[in-house]
Amino acid sequence: MNSPNRRAVLVEFPDEVDAFLRKTESPAIAASRIVAISPAARVALQRRSVDHDTTLAYFDTESHRSVQMAREEMCHVIAAALAIPDGFLLRQTYQETVIFYSRLFLGHLMKTLEILHRFQEQNNVETWVAVRHPAQPSAKPYISLQERYTADLTRDFAAARGLDCAALDAAPAPPARSRPSIREMPWIEACLARLYLRFFRSQAARPSAVVSHLAYEMDELVRELGRRRPDVTWFWLDQETNDGAFLEIKKALIRMWRIAVRRQPGPFAVPLKIMDRLPPRAADEGRLLEQRLFEQLNERIASSPGVFRYRGVSVAPFLLRKLQTSIIPHQTSVYRAARSMDQVLRNLKPRFVLSQSSDDARGALGECCRQSGVPAVLISHGSNVPSDDPAARIEHDHISRRLMNSTYPIVALQSPWAARFADEMKLRAQRVQTGPLIWSRLTPESRAAASAWLRNRFPGFVAGRTRVILYVCAASQRQTTHFFIPETQDECIRSLNEVIHAARGVEDVVVVVRHRLQHLCSPDDLRELIPDTDRVAIHAEGRFSEALAMANLLVTFYSATVEEALNNRIPVLLYGGRGRYRHLPAALIESSGEVPRSAVYWVKDPGHLSAAIPRILNDHPVPVEPEMLKPYCFQPEDTTPFARIVDEFLNGHR
């Protein structure tokens with residue numbers, strides 16, 4: 001066994017770094033092993049020139065697999081415990097939502113425990129240090145930044161092994177900021193909701209359509225369909241507006257005038273936080289739903305102590321507290337949204353509904369449509385593909401429940417790989433093969449804008465000569481802890497650095513990093529964790545299409561952006577995770593030998609990256625030849641034009 005490190009500490013937030021360094025004597029700091037479990041903590045330690053470890057040595061492929069399998073057993077227990085009672089409008093949405101958030105929360109806890117376990121195995125720690133923080137429980141079902149579990153898990157881990165645990169208190173973090181709710185006149189809002197419903201009834205004879213949200217290029221799809229069918233009025237369900245009653249009245253009157261008098265097509269917002277005033281009893285009914293769900297889960301989890309234990313530590317108390325404070329109460333908001341959407345559907349009588357996801361209220365929308373007979377289409381995302389690895393299949397299955405295999409009666413498949421995945425999981429919904437609907441479509445204008453952005457960032461950029469590698473950071477986040485198919489943030493940063501290093505040896509090549517590591521890794525933090533070079537820029541704002549228009553080669557480990565790139569004839573290099581997962585079939589580059597031309601390439605070993613990048617950029621065609629894209633993109637004869645499907649909805653033929 002290795003010689004003991006007398007003290008070790010895990011730090012996740014910069015204030016925990018500050019507390020440890022401030023309250024620990026210099027000799028003790030020097031004798032301690034510090035593990036930074038987030039990029040933000042790494043940067044805080046790096047700025048102080050303090051030696052530290054990352055999670056890379058303590059969370060590898062086998063760690064991903066171990067957590068994945070143990071968590072799945074816990075999720076089976078949770079699913080078996082849930083029996084949704086009658087009278088609450090929905091069933092599937094509550095079940096999937098509770099499992100989804102419980103699963104993310106368990107993953108966050110278990111990742112920390114796995115790091116503690118692996119570090120203890122490798123270093124034989126005698127005393128763990130727990131940097132405590134007076135964290136507040138969050139009302140949000142995701143894991144918020146104000147929720148801190150590392151100290152409590154460290155304490156329980158040390159106790160389970162009979163080790164010492166020293167506690168340090170960090171300074172209180174500032175309270176979480178949220179936009180204040182302006183609900184000072186509920187009776188006016190109730191009247192406004194009735195006015196909306198009366199207006200919807202008056203418009204029910206006109207053709208209309210509802211979209212769940214305008215993000216992820218849905219606004220572009222609506223504009224395209226609207227140009228073809230200007231007679232259709234479009235509405236979108238706004239879950240975020242928090243305006244006061246008088247401002248909402250003004251907005252409502254303007255919307256109604258534009259629809260009824262000007263005959264404008266929209267899309268027009270329907271403020272769900274106003275609509276949920278009907279009926280008032282919904283809040284009481286929601287609380288009854290919460291009570292019944294928690295009673296079921298509390299009894300089942302308490303009776304399965306062995307299942308809810310990982311690396312010797314029980315995660316049941318943490319999970320039950322999270323269920324009680326946020327995951328179960330969140331079902332009330334889902335229920336209220338469902339009641340509101342059900343009222344909108346029954347009064348407006350839209351010809352069809354479109355959505356690009358099935359999470360929470362959007363899942364409720366699909367279930368309401370299914371019950372009321374309104375055609376509702378969920379547009380497949382692109383992240384879910386068949387896999388031979390059990391751990392990857394588990395992750396794809398859970399992710400697909402909010403992107404494909406969900407509550408919607410119809411699913412629009414954007415690619416052959418979505419169709420193959422639908423076959424593998426025996427998708428019950430009606431399938432329509434439409435090809436890309438909400439993926440980026442590049443134009444000469446978008447490429448010109450991309451060239452202008454590049455000239456701004458890279459003084460030596462010359463369009464047509466400088467090649468651009470677009471690296472997409474698609475790692476697992478703190479609040480959405482997935483395993484195996486995404487990389488951890490430390491894995492993603494390692495892969496990015498290896499790509500930057502390999503690209504340095506290629507003339508006239510720059511790297512643009514599409515930043516998607518929002519939680520505990522700001523663009524400024526990321527800049528400090530990658531090489532300081534004038535051949536790298538970070539693209540953190542705007543649409544993904546603006547970044548894709550720059551690319552000669554897209555590099556990522558796992559992302560829907562892979563298929564977006566291929567549909568725009570941009571080649572893809574799959575790289576990361578030390579080769580544990582391959583998202584799509586690809587030409588494997590393992591040596592300096594000849595590489596067959598392909599649309600997708602795969603490098604498993606970092607030692608082959610420096611040879612692979614120049615060979616792809618120099619020897620392989622861009623744009624990708626159509627013949628190479630056939631396995632990845634629908635051919636015209638394989639698809640049904642979505643405009644024809646919309647016409648069938650409007651004519652009542654589906």
Side-chain angles (χ1 to χ4, degrees), residues 212-213 215-221 354-359 362 366 377-387 392-393 395-406 408 410-425 427 429 431-442 470-476 480 482 484-487 514 516 543-549 551 554-574 576 581-586 599-600 602 624 628-635 638-640 642:
S212 65
H213 203 279
Y216 299 105
E217 306 292 335
M218 184 69 86
D219 55 343
E220 292 293 334
L221 177 62
L354 298 180
S355 183
Q356 75 283 61
S357 69
S358 184
D359 57 318
R362 286 185 276 269
V377 180
L378 178 65
I379 301 171
S380 69
H381 189 65
S383 296
N384 298 122
V385 298
S387 177
R393 283 202 303 272
E395 201 64 58
H396 278 302
D397 172 57
H398 283 278
I399 293 174
S400 74
R401 298 182 197 184
R402 294 163 81 85
L403 297 175
M404 186 189 299
N405 186 19
S406 69
Y408 282 74
I410 305 169
V411 173
L413 302 171
Q414 297 192 89
S415 79
W417 290 99
R420 290 186 180 99
F421 184 77
D423 289 338
E424 182 180 86
M425 68 178 174
L427 181 71
R431 307 175 205 177
V432 289
Q433 295 186 174
T434 61
L437 295 177
I438 55 173
W439 285 339
S440 305
R441 280 171 283 184
L442 305 186
L470 177 62
Y471 186 93
V472 177
C473 295
S476 180
T480 54
H482 297 292
F484 206 83
I485 55 175
E487 294 180 289
R514 177 62 174 175
R516 295 175 63 185
R543 294 174 183 258
F544 175 68
S545 57
E546 298 168 7
L548 186 62
L554 182 138
V555 182
T556 193
F557 180 62
Y558 152 80
S559 174
T561 60
V562 169
E563 293 187 86
E564 285 197 66
L566 293 173
N567 275 276
N568 286 283
R569 301 182 65 187
I570 296 169
V572 173
L573 170 60
L574 302 174
Y581 170 76
R582 183 196 64 189
H583 190 54
L584 288 175
V600 186
W602 183 32
V624 176
M628 297 180 189
L629 293 169
K630 285 186 177 179
Y632 307 100
C633 306
F634 278 132
Q635 302 305 300
D638 299 326
T639 63
T640 302
F642 195 60

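The shown structure was predicted, so the numbers you read here are calculated from the model rather than taken from an experiment.
- With sequence neighbours excluded, no residue forms a salt bridge (Lys or Arg N to Asp or Glu O under 4.0 Å) with E546.
- At distances below 3.5 Å, at least one donor-acceptor pair connects side-chain atoms of R569 with backbone N or O atoms of V624.
- Checking side-chain atoms of T556 against main-chain N and O of V472 turns up a donor-acceptor pair under 3.5 Å.
- Judged by distance alone, the side chain of Y581 and the main-chain N or O of G576 form no donor-acceptor pair under 3.5 Å.
- Atom CG of L221 and atom CD1 of I379 lie 5.5 Å apart (nearest 0.5 Å).
- Looking at W417, its side chain never comes within 3.5 Å of a backbone N or O of S383 through a donor-acceptor pair.
- Rounded to the nearest 0.5 Å, atoms CD (E424) and CZ (R393) are 6.5 Å apart.
- Contact detail for S545 and E217: the closest heavy-atom pair is OG-OE2, 3.8 Å.
- Nearest heavy-atom pair, W602 versus L574, reported as atom, atom and distance to 0.1 Å: CD1-O, 3.3 Å.
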Quiz prompt | Verdict with reasoning, F642 to L354, per side-chain contact (heavy atoms from CB on, under 4.5 Å) | solution = CA-CA 12 Å; F642 195 60; L354 298 180; 3.6 Å; yes
Exercise. Test T640 against V432 for side-chain contact (heavy atoms from CB on, under 4.5 Å), laying out the working first.
Key: CA-CA 7 Å; T640 302; V432 289; 5.6 Å; no
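- To the nearest 0.5 Å, atom CG of residue L427 and atom CG of residue L413 are 7.5 Å apart.
- Residues L629 and L566 approach most closely at CD2-O, 3.5 Å, considering heavy atoms.
- Residues I485 and F557 come closest through the heavy atom pair O-CE2, 2.9 Å.
- Between the OG atom in S380 and the CD atom in Q414 there is a gap of 4.5 Å [rounded to 0.5 Å].
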Exercise. Given side-chain contact (heavy atoms from CB on, under 4.5 Å), test S357 with Y216 step by step and report yes or no.
Key: CA-CA 10 Å; S357 69; Y216 299 105; over 6 Å; no
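- Every residue two or more places apart in sequence or in another chain that forms a salt bridge (Lys or Arg N to Asp or Glu O under 4.0 Å) with D397 is listed here: R401.
- Pairs engaging residues 432-442 under the salt bridge (Lys or Arg N to Asp or Glu O under 4.0 Å) rule: E224-R441 [sequence neighbours left out].
- Judged by distance alone, the side chain of Q635 and the main-chain N or O of C633 form a donor-acceptor pair under 3.5 Å.
- Using a 4.5 Å heavy-atom cutoff, the side chains of S212 and Q356 are in contact.
- When each of R516, R514, E564, H583 is paired with S559, the side chain to side chain donor-acceptor pair (under 3.5 Å) condition holds for R516 and for no other.
- Taking all atoms of both residues into account, the shortest heavy-atom contact from A419 to F634 is CB-CZ, 4.2 Å.
- Taking NE2 from H482 and NE2 from H398, the interatomic distance works out to 10.5 Å, rounded to the nearest 0.5 Å.
- Using a cut-off of 4.0 Å between Lys/Arg side-chain N and Asp/Glu carboxylate O, D359 and R362 are scored as salt-bridged.
- Of all non-hydrogen atoms in A547 and L470, the two that sit nearest each other are O-CD2, 3.7 Å.
- Ion pairing between a basic and an acidic side chain is recognised when a charged N comes within 4.0 Å of a carboxylate O; D638 and K630 show no such pairing.
- L548 CG to I570 CD1: the interatomic distance, rounded to the nearest 0.5 Å, is 4.0 Å.
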Practice problem: Take R420 and V385, measure what side-chain contact (heavy atoms from CB on, under 4.5 Å) needs, and give me the verdict at the end. | Solution: CA-CA 7 Å; R420 290 186 180 99; V385 298; over 6 Å; no
